[in-house]
Amino acid sequence: MQDRYDFKAIETKWQDRWAKEKLYEVPDFSDRPNYYCLEMFPYPSGKLHMGHVRNYSIGDVVARFKTMQGYNVLHPMGWDAFGLPAENAAIKHGDIHPADWTMNNIAAMREQLKQLGISYDWRREVATCHPGYYKWTQWLFLQLYHKGLAYKKKSAVNWCPSCATVLANEQVKEGVCERCKTEVEKRELEQWFFKITGYAERLLKDINLLAGWPDKVKIMQEHWIGRSEGAEIHFPVDGLDEEFVVFTTRPDTVFGVTYMVIAPEHPLVEKLIAGREQAEEVRAFVHRVRNLSELARTATNVEKEGLFTGACCINPLTGEKVPILVANYVLLEYGTGCVMGVPAHDQRDFEFARKYHLPVRVVIQPPGRELDPETMTEAYAGEGVMVNSGRFNGLPKEEGIRAVIAHLEEKGLGKGQVNYRLRDWLISRQRYWGAPIPIIYCDHCGTLPVPEENLPVLLPRNVAFKPTGQSPLAECPEFVHTTCPSCGGPARRETDTMDTFMCSSWYYYRYTSPRDEAAAWDRARVDRWLPVDQYIGGVEHAILHLLYSRFFTKVLYDLDLVSNVEPFTNLLTQGMVLKEGSKMSKSRGNVVSPEDIVAKYGADTARLFILFAAPPERDLEWSDQGVEGCYRFLHRVWRLVAPLGGELLHAPAVPSGKLVGINREMRRLTHQTIKKVSEDIGQRFNFNTAVSAIMELVNGLYQYRELPETDRDPAVMREAVEHLLILLAPFAPHITEELWAGTGHSDSIHRQPWPSYDPRAVAEDEITVVVQINGRVRERVLLPAGTGAAEMQAQVLAQPRVQQLVAGKQIVKIIPVPGKLVNIVVK
RNA sequence: GCGGGCGUGGCGGAAUGGCAGACGCGCCGGACUUAGGAUCCGGUGGGUAAAACCGUGUGAGUUCGACUCUCACCGCCCGCACCA
């Protein structure tokens with residue numbers, strides 16, 4: 001073995017050898033228990049960034065640890081390879097095809113991942129843009145289509161003018177495109193949707209099954225689904241054969257309705273105003289509101305505006321006539337797009353009513369005081385009993401809600417209703433670089449699915465990538481023109497492609513059968529591996545990818561294609577990698593490139609630093625000096641172990657006989673480290689403290705090595721060094737493998753079983769007992785381990801310093817905590 | 001506005017309700033050395049001659065004992081955004 005730690009030579013040498021020996025290839029069927037460790041696959045943007053390095057380093061520690069613990073670990077990697085940047089690059093540069101751009105990037109990033117020494121089974125690599133993959137994406141679309149879960153409808157959808165495509169609700173944040181931050185517009189378009197709303201209740205309820213997910217993510221999904229219970233109430237429109245249908249969570253306040261409001265875009269508006277003197281004014285108002293961007297319209301500080309339509313409707317419970325207004329704050333997409341106004345008991349309604357001098361009527365009286373509509377300064381939304389509500393007077397709020405719903409149902413005026421904020425998933429994209437939607441339109445036969453035997457619908461290579469707002473495929477006649485699978489006549493293909501989130505909603509199933517040409521996956525393999533035991537990725541997918549994947553899994557379960565109802569048992573959301581307090585970005589100029597770090601310090605150092613610098617969920621501040629520290633540490637390990645060479649194995653593997661003194665202490669440290677590292681990786685996922693513990697073991701070994709040779713036990717040394725290497729192996733796989741081989745071991749360190757600690761070796765002989773007086777540390781006493789409370793108390797009180805400190809004072813109480821401390825309370 | 005998270009040395013961060021600051025960075029000192037930005041050893045919250053004492057965002061509370069639990073407040077970060 002060399003004197004110098006030559007990371008470059010060591011890392012390439014072992015990467016080659018591991019590949020040659022197929023060290024990380026995992027059999028689908030094995031006697032060992034299965035464990036599926038998965039990291040979110042990357043978009044092949046060109047090069048890895050530090051976020052990737054962090055994600056995959058965490059995953060690799062888990063995978064290697066579980067493997068050493070005896071599991072058969074599935075640890076695959078692939079590419080979320082369809083998407084806009086490839087196409088944008090083609091538009092910008094003109095001379096590179098999205099497919100080539102993507103494949104080049106994949107090759108570069110695969111090489112980087114290999115240089116990091118991550119233990120992937122590369123035989124299972126998938127790329128979603130490969131026809132062998134997207135054939136099955138299309139096949140899954142057809143399964144949803146046949147189940148009635150994929151449908152086409154015309155509606156107001158989010159349009160990103162910069163990306164020149166529509167977006168799903170989940171891909172719009174605060175009115176701007178989640179990808180490019182451009183303000184989105186609303187457009188009336190006919191688009192394909194997945195009926196995720198049909199799974200709202202199950203997606204919500206099954207959050208309970210996700211005990212291994214962070215609460216933060218579960219709460220975000222819960223809120224996104226946005227379930228609320230209430231009633232649908234039908235108000236007949238006065239003088240018209242129309243119904244004004246509202247959704248309300250407060251049917252108990254229906255006697256307090258003093259006006260009704262409707263969304264400006266609502267189709268009923270035109271019918272309400274037809275032939276009335278208000279018509280033109282209302283149309284102008286509607287036009288003005290509709291022309292506002294989503295962003296301008298939904299901003300918090302937007303003034304609430306309304307306008308009387310001239311129409312009224314009849315409160316079905318009171319028979320009263322109430323005016324209908326159009327208002328800018330009513331959302332067409334939520335509920336029925338119509339709202340009943342109850343100013344006394346809803347703060348927004350209250351403000352609106354005061355502004356437009358609409359009456360306020362109290363129908364819920366709180367306990368202990370009386371609301372006066374004239375003098376109220378805010379709405380009352382709390383508990384109380386119904387008043388001014390005819391037969392319902394005297395009922396408390398909750399009872400009132402139930403009674404009103406029962407009454408409405410009995411009279412056919414409405415019904416109890418559950419409403420969700422979740423919208424159906426818009427999956428059409430007017431772009432080229434995606435999986436074509438496998439649908440054919442025939443003038444005679446209508447909309448038809450592409451027959452399964454004709455899949456995949458291949459993306460044609462030669463198209464013009466002009467961002468026109470229409471899919472580039474529409475301008476490719478040889479793609480568009482086809483024959484009708486039903487009548488054989490001329491027909492047209494759907495030219496939109498699928499949202500790439502569709503591709504990433506099922507890739508974790510494909511890893512189990514990556515090259516299967518007969519099926520999306522083999523059921524036996526999927527049932528064996530799924531659900532994923534540990535999923536690791538960024539929290540930015542808390543809604544998007546993670547919700548879509550849960551939806552997909554439930555659909556697949558219903559189709560009897562999988563046996564699991566949830567895809568990911570445990571989820572770890574890693575924090576961001578920051579530099580100078582903010583996210584690394586080109587515009588800020590604070591990017592640290594993984595390539596440079598690996599070239600300068602090696603993969604082991606890069607991995608070690610990123611795991612050591614912070615616990616995984618927390619944001620990590622990049623520090624060049626911190627990296628240097630880890631580099632130094634690995635050198636320190638090298639200088640400690642390398643000189644031992646083959647000598648190490650001349651000593652027995654386990655010390656025998658009774659150890660005393662420093663040898664006993666050295667062995668204790670070894671076993672305490674095994675315990676700590678095992679718990680930190682296996683239970684707490686605190687890799688930073690695991691690394692700390694290993695550093696302490698190294699520090700201890702340096703001390704131990706200083707001793708005269710006659711005082712040292714070679715077996716203690718061997719046990720400590722071998723365990724040091726094994727514990728460090730998941731973090732720094734190359735250097736540990738080299739030192740393992742260099743000290744005379746023949747099998748790979750990565751095939752070693754994870755060690756267990758000897759509880760007898762861990763136990764301390766003596767305990768430093770802390771003596772507190774009135775809760776303040778005053779003295780320390782060294783006592784044999786296992787000293788009982790009474791004996792401990794006596795020993796402590798006998799200490800001269802303690803006697804001195806309590807002299808002249810009255811001892812009120814003594815609290816002995818065996819193995820820890822004694823607190824003496826004095827007066 | 002609603003929901004969630006986080007506030008600990010000069011810095012990254014440790015601490016089942018029981019010695020605050022493990023480990024690392026930085027800094028200071030020593031050894032080795034022609035040399036040291038390598039390496040090894042030691043020190044390092046503030047304060048003091050040494051103690052006392054003061055220290056985990058602020059203020060209360062529970063407790064023999066609180067970084068840890070409870071309540072209120074302040075600051076920063078993230079998510080949602082008129083949800084009827």
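Below, read A as the first sequence line, B as the second, and so on, with proteins coming before strands; counting in each chain starts at 1. Any value given below was found using the heavy atoms of this structure, including those in side chains, with hydrogens, waters and symmetry copies removed.
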Quick one: look up who [N] pairs with, Watson-Crick or G-U, both distances under 3.5 Å, and put none if it's unpaired.
N	answer
B:rC76	B:rG5
B:rU39	B:rA31
B:rG10	B:rC25
B:rU48	none
B:rC71	B:rG59

Is any side-chain nitrogen or oxygen of [X] closer than 4.0 Å to OP1 or OP2 of [N]?
X	N	answer
A:R684	B:rA14	no
A:Q772	B:rG17	no
A:N686	B:rA14	no
A:R776	B:rC54	yes
A:R639	B:rC40	yes
A:N688	B:rA14	yes
A:R632	B:rG26	yes
A:R636	B:rA38	no
A:K173	B:rC80	yes
A:Y702	B:rC41	no

* **Assigned glycosidic conformation for B:rG9 [threshold 90° from 0]** => syn

* Heavy-atom donor-acceptor pair, A:H234 side chain to A:V245 backbone, under 3.5 Å -> no

Mind checking the [atom1] distance from [N] to [M]? Whole angstroms is fine.
N	M	atom1	value
B:rG4	B:rG10	P	33 Å
B:rC64	B:rA81	P	48 Å
B:rU44	B:rG24	P	14 Å
B:rU62	B:rU68	P	15 Å
B:rC80	B:rA38	P	47 Å
B:rG26	B:rU33	C1'	24 Å
B:rA22	B:rC6	P	22 Å
B:rA66	B:rG5	P	24 Å

Could you give the [atom1]-to-[atom2] distance, from [X] to [N], as a whole number of Å?
X	N	atom1	atom2	result
A:Q347	B:rC82	CD	C1'	12 Å
A:L634	B:rG24	CG	C1'	13 Å
A:E540	B:rC77	CD	P	19 Å
A:I814	B:rG65	CD1	C1'	15 Å
A:E333	B:rA81	CD	P	12 Å
A:E628	B:rG26	CD	C1'	13 Å
A:H266	B:rA84	NE2	C1'	13 Å
A:R705	B:rC41	CZ	P	8 Å

Taking the side chain of [X] as its heavy atoms from C-beta onward, which of [options] lies nearest to it?
X	options	value
A:V825	B:rA84, B:rA22, B:rC64	B:rC64
A:T249	B:rA84, B:rA14, B:rC41	B:rA84
A:M695	B:rC78, B:rG24, B:rC53	B:rG24
A:W224	B:rA14, B:rG79, B:rC80	B:rC80
A:N823	B:rC23, B:rG18, B:rC78	B:rG18
A:N699	B:rG18, B:rC23, B:rG13	B:rC23
A:K820	B:rU16, B:rC64, B:rC82	B:rU16
A:I815	B:rG12, B:rG18, B:rC25	B:rG18
A:E696	B:rC82, B:rG13, B:rC23	B:rC23
A:T689	B:rG24, B:rA22, B:rG3	B:rA22

* Does the base of B:rC19 carry an N or O that pairs as donor and acceptor with the side chain of A:R780 under 3.5 Å? -> yes

* Distance-only donor-acceptor test (3.5 Å): side chain A:K304, base B:rC82 -> yes

* Should A:D765 and A:R668 count as an ion pair when the cut-off is N to O under 4.0 Å? -> yes

* Side-chain ion pair, A:R227 and A:E201, N-O less than 4.0 Å -> yes

Using a heavy-atom cut-off of 4.0 Å across all strands, would you classify [X] as base, sugar-phosphate, or nothing?
X	result
A:R4	nothing
A:G335	nothing
A:Q703	sugar-phosphate
A:L620	nothing
A:D619	sugar-phosphate
A:T336	nothing
A:L821	base

* Asked: Does A:W425 have its ring centroid less than 6.0 Å away from the ring centroid of A:F501?
  -> no

* Structure fact -> Per nearest nucleotide of RNA chain B, the residue lying toward the 5' end, A:K813 or A:V330, is A:K813

* Select from A:V777 and A:S623 the residue whose nearest nucleotide in RNA chain B is closer to the 5' end of that strand. => A:V777

* Asked: Once the angle between the rings of A:H723 and A:H671 is folded into 0 to 90°, is it parallel (under 30°), tilted (30 to 60°) or perpendicular (over 60°)?
  -> tilted

Have [X] and [Y] got a donor and an acceptor in their side chains that come within less than 3.5 Å?
X	Y	answer
A:Y704	A:T670	no
A:K186	A:N158	yes
A:Q795	A:Q799	no
A:W622	A:D624	yes

* Measure from NZ or CZ of A:R636 to the centre of the six-membered ring of A:Y702, then state whether that distance is under 6.0 Å and the direction lies within 45° of the axis. => yes

